[in-house]
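To keep things clear, I will list the structure first and then write my remarks on it.
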Amino acid sequence: GAVVSQHPSRVICKSGTSVKIECRSLDFQATTMFWYRQFPKQSLMLMATSNEGSKATYEQGVEKDKFLINHASLTLSTLTVTSAHPEDSSFYICSAPSTGSTEAFFGQGTRLTVV
Amino acid sequence: AQSVSQHNHHVILSEAASLELGCNYSYGGTVNLFWYVQYPGQHLQLLLKYFSGDPLVKGIKGFEAEFIKSKFSFNLRKPSVQWSDTAEYFCAVLGGSYIPTFGRGTSLIVHP
């Protein structure tokens with residue numbers, strides 16, 4: 001089946017630094033990818049939709065200047081958490097829809113801890 | 001807009017007990033429905049999915065779910081749970097927006 005690879009799986013960074021998370025579709029092309037955030041004991045909340053070759057679409061309440069999304073190719077989307085703060089600590093998950101968008105495939109997730 | 005509601009937030013069972021987790025969605029059109037499991041410290045894994053056809057779908061690890069269109073429900077069931085089923089379970093719907101929407105999740109704890 002289709003595979004989405006997310007890297008890194010865990011990252012610890014100092015407050016004020018930036019962190020880049022990569023999401024790759026390994027055996028299919030994804031013109032669209034979704035970025036979710038999951039707080040402990042809570043559901044996945046959609047942050048933004050990444051669009052290849054154009055600007056990302058952010059959900060209400062998500063700071064686009066803080067969470068920079070780049071979808072430079074049909075197999076790679078990146079999420080950069082800029083000037084990270086402890087409250088940005090969370091589990092970030094990317095997802096790419098299948099051809100025909102009948103289902104979505106998820107990356108392994110990235111556990112971000114900002115100290 | 002589509003939405004998903006999971007009524008059981010926390011479920012505690014003993015091994016061999018039967019499980020049913022509720023999931024209701026709201027969306028007027030055709031939907032694809034999913035159940036995902038997230039074991040402690042791990043990523044999401046697909047348990048089962050419904051696109052069309054037989055409303056009773058069977059997934060991995062002995063799980064099954066029944067799609068009842070009239071009730072907008074897609075409840076997850078397992079006849080006999082095991083300690084290893086302890087995890088977080090998420091129901092998700094994919095409707096017209098083609099963006100998966102997740103329910104809040106149900107935390108299942110199975111005592112040995």
Side-chain angles (χ1 to χ4, degrees), chain A residues 1-10 21-24 26 30-52 56-60 62 69 77 90-113, chain B residues 1-11 21 23-25 27 29-53 57 59-60 65 74 86-109:
Chain A
V3 176
V4 173
S5 177
Q6 191 173 337
H7 177 80
S9 58
R10 295 178 185 273
I21 303 169
E22 293 187 346
C23 181
R24 295 180 184 275
L26 295 186
T31 57
T32 301
M33 289 187 180
F34 308 118
W35 287 96
Y36 292 85
R37 183 174 180 177
Q38 184 183 28
F39 290 102
K41 303 295 184 183
Q42 295 189 32
S43 187
L44 284 74
M45 301 302 296
L46 181 68
M47 297 175 65
T49 301
S50 171
N51 304 299
E52 188 269 334
T57 304
Y58 290 83
E59 296 300 300
Q60 191 172 11
V62 177
I69 291 174
S77 174
S90 190
F91 194 57
Y92 294 87
I93 304 174
C94 71
S95 168
S98 65
T99 302
S101 298
T102 54
E103 65 179 290
F105 304 103
F106 289 86
Q108 302 93 321
T110 297
R111 174 78 59 195
L112 170 63
T113 304
Chain B
Q2 60 201 31
S3 66
V4 180
S5 176
Q6 289 181 245
H7 316 296
N8 320 100
H9 299 153
H10 301 280
V11 175
L21 300 182
C23 172
N24 286 87
Y25 68 93
Y27 182 71
T30 302
V31 293
N32 295 335
L33 297 158
F34 309 85
W35 275 98
Y36 290 91
V37 61
Q38 187 176 33
Y39 297 103
Q42 297 189 28
H43 62 279
L44 283 176
Q45 297 177 41
L46 180 66
L47 269 180
L48 47 78
K49 59 189 177 185
Y50 171 80
F51 289 175
S52 63
V57 292
I60 61 172
F74 190 56
T86 294
E88 197 83 16
Y89 292 82
F90 295 95
C91 180
V93 61
L94 193 63
S97 69
Y98 303 113
I99 301 174
T101 299
F102 287 83
R104 176 177 166 173
T106 298
S107 174
L108 171 66
I109 296 175

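Below, read A as the first sequence line, B as the second, and so on, with proteins coming before strands; counting in each chain starts at 1.
Neither the backbone nor the side chain of Gln45(B) comes within contact range of chain A, judged by heavy atoms closer than 4.5 Å. When heavy atoms are compared at a cutoff of 4.5 Å, Thr49(A) approaches chain B solely by way of its side chain, counted from C-beta outward. If you measure heavy-atom distances from Gln6(A) to chain B, you find no contacts under 4.5 Å at all.
Residues Gln38(B) and Phe106(A) have side chains not in contact (no heavy-atom distance under 4.5 Å, counting atoms from C-beta outward).
Residue His9(B) qualifies as enclosed at atom NE2: its count of foreign heavy atoms under 6.0 Å is above 12.
Considering CG of Leu44(B) and CZ of Phe105(A), their distance stands at 13.5 Å, rounded to 0.5 Å. Distance check: Leu46(A) CG to Ile99(B) CD1 gives 5.5 Å after rounding to the nearest 0.5 Å.
Nearest heavy-atom pair across Ala104(A) and Tyr36(B) is O-OH, 3.5 Å.
A donor-acceptor pair is defined here as one N or O able to donate and one able to accept, closer than 3.5 Å; such a pair exists between the side chain of Ser43(A) and the backbone of Gly103(B).
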